[in-house]
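Here's the structure we're looking at; comments come further down.
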Amino acid sequence: MKRYTYLGDRLTDPALKGQLCTAVLQENGLCIRGRNGNMLVQFENGREANVIGRLLRKVKE
């Protein structure tokens, strides 16, 4: 499972800043990424969102 911490920016909902999230995967096991570098993630509270990939940091397990 690919886990990340979302850093957020000045326009981000304050409830999402610093939250742990998990990448939403396709059937072949790859992350769902957009052409502009966005990534589909699911936060711990169950909310799914497209976030900027550059603002995600991997969590070492």
Side-chain angles (χ1 to χ4, degrees):
M1 195 178 327
K2 299 175 183 180
R3 297 188 52 83
Y4 300 92
T5 301
Y6 181 55
L7 300 179
D9 59 0
R10 61 187 174 97
L11 300 176
T12 302
D13 180 10
L16 298 180
K17 286 186 180 182
Q19 294 295 317
L20 289 176
C21 57
T22 306
V24 177
L25 303 178
Q26 299 175 6
E27 293 84 25
N28 59 5
L30 296 177
C31 300
I32 298 176
R33 299 289 302 248
R35 290 184 189 172
N36 57 357
N38 286 353
M39 188 164 148
L40 183 62
V41 297
Q42 182 174 18
F43 290 95
E44 291 182 327
N45 60 6
R47 181 175 175 186
E48 285 189 357
N50 282 320
V51 297
I52 300 171
R54 292 177 302 162
L55 299 177
L56 293 170
R57 300 294 181 264
K58 267 193 176 178
V59 175
K60 292 186 181 182
E61 300 193 26

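Every heavy atom of this structure was used, including side-chain atoms; hydrogens, water molecules and symmetry mates were not.
Residues C21 and L16 are not in side-chain contact: their nearest non-hydrogen atoms beyond the backbone lie 4.5 Å or more apart. No side-chain heavy atom of V41 sits under 4.5 Å from any side-chain heavy atom of Q19.
No donor-acceptor pair closer than 3.5 Å links the side chain of R47 to the backbone N or O of E44.
With rounding to the nearest 0.5 Å, the separation of CG in N36 from CG in N50 is 8.5 Å. The distance from atom OG1 of T5 to atom CG of L56, rounded to the nearest 0.5 Å, is 8.5 Å. One finds the CD atom of E48 at 10.5 Å from the CZ atom of F43 (value rounded to the nearest 0.5 Å). To the nearest 0.5 Å, atom CD1 of residue I32 and atom CG of residue N38 are 12.5 Å apart.
Each of M39 and V24 belongs to its own hydrophobic cluster when Ile, Leu, Val, Met, Phe, Trp and Tyr are linked at side-chain heavy-atom distances under 4.5 angstrom. Hydrophobic clustering (side-chain heavy atoms under 4.5 Å, transitive across Ile, Leu, Val, Met, Phe, Trp, Tyr) keeps L40 apart from Y4.
Evaluation of the side-chain hydrogen bond (donor to acceptor under 3.5 Å, both in side chains) test over residues 22-35, restricted to residues two or more places apart or in two chains, returns R3-T22.
Residues K2 and G29 come closest through the heavy atom pair NZ-O, 4.0 Å. What you find for K17 and R10 is that their closest heavy atoms are NZ-CA, 4.3 Å. Scanning both residues, V59 and L20, for their nearest heavy atoms gives CG2-CD2, 3.7 Å.
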